[in-house]
Each structure stands twice: as structure tokens, then as C-alpha cells.
Engineer: 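Dumping the structure here so I can ask a few things about it.
As the structure lists them, so they are numbered: ligands from 1, and atoms in each ligand from 1.
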Amino acid sequence: MPKPVVNKELCIGCGTCESLCPNVFQIKDGKSEVISEECGDCNCQEVAESCPVNAISVQ
Ligand code: SF4
């Protein structure tokens, strides 16, 4: 299973990842946080490509 990781230093808290995958990403204190270790039904790769500052990587 792919695991998403957010680089908080790059994240600008735009909320795109949260709106696409609310089960995986949640904005806390202006930064995205991974709340589930696994993407599950969510296409994390697509979310990573949607991040405007490339702060999400999928491992
Ligand atoms: S899409 Fe990228 S910049 Fe926007 S909140 Fe998510 S990780 Fe942060």
C-alpha cells in the first residue's frame, strides 16, 4: 500500500489535499497532516500531483 508523506516545510496549507482525500489529509495549524498511513480508496499519487508546492510524496 502506498504511504503518503507531507513535507511540512513546503506545505502552504492550501487545503487541496484535504478536499481530495479527507480521510488521509487534514489541515492542522495551517499545515497538512497525514491522519491515515494508507491511501486506501484515495488516489494519493494524483493528490501529490495536485499539490501546488510538491509537498506530498508517496512512498
Ligand atoms: S495540497 Fe500541498 S500545499 Fe496544499 S495543504 Fe496539501 S500538502 Fe499543503
Engineer: Might you point out which heavy atoms bring Pro52 and Ile12 nearest each other, and give the distance in Å?
Structural biologist: CG-CD1, 4.3 Å
Engineer: State the atoms of ligand 1, each with its element, that fall below the 4.0 Å cut-off from a heavy-atom position in Ile27.
Structural biologist: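 Reading through ligand 1 atom by atom, the close ones are 5 (S).
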Engineer: With Ser32 as reference, evaluate Ile27, Thr16, Val24, Leu10 under the side chain to side chain contact (heavy atoms under 4.5 Å, CB included) test and give the passing residue.
Structural biologist: Ile27
Engineer: Spell out, as yes or no, whether a donor-acceptor pair under 3.5 Å connects the side chain of Lys28 to the backbone of Glu33.
Structural biologist: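 It does not hold such a pair.
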Engineer: Using a 4.0 Å cutoff against the non-hydrogen atoms of Ile56, which atoms of ligand 1 qualify?
Structural biologist: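 Listed by number with element: 7 (S).
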Engineer: Using only atom types and a distance under 3.5 Å, with no angle test, would you say the side chain of Lys31 pairs donor to acceptor with the backbone of Cys11?
Structural biologist: yes
Engineer: Using heavy-atom distances only, which candidate in Cys14, Cys17, Gly15 approaches atom 6 (Fe) of ligand 1 most closely?
Structural biologist: Cys17
Engineer: Looking only at non-hydrogen atoms, find the nearest pair between Val34 and Val5 and report the distance.
Structural biologist: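 In terms of heavy atoms, the two residues are closest at CG2-CA, 4.3 Å.
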Engineer: Taking both backbone and side-chain atoms into account, decide whether Cys51 has an N/O/S atom under 2.8 Å from atom 2 (Fe) of ligand 1.
Structural biologist: yes
Engineer: If the cut-off is 4.0 Å to any non-hydrogen atom of Thr16, which atoms of ligand 1 fall inside it?
Structural biologist: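 This gives 1 (S) as the contact atoms.
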Engineer: Which is closest to atom 8 (Fe) of ligand 1 in terms of heavy atoms, Cys11, Pro4, Ser32?
Structural biologist: Cys11
Engineer: Numbering the atoms of ligand 1 from 1, which are under 4.0 Å from a heavy atom of Val53?
Structural biologist: 3 (S)
Engineer: Counting each atom of ligand 1 from 1 as listed, which ones have a heavy atom of Ile12 under 4.0 Å away?
Structural biologist: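 Selected atoms, number and element: 3 (S), 8 (Fe).
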Engineer: Is it true that, when you exclude Glu38 itself, more than 12 heavy atoms of the residues, nucleotides or ligands shown sit nearer than 6.0 Å to its CD?
Structural biologist: yes
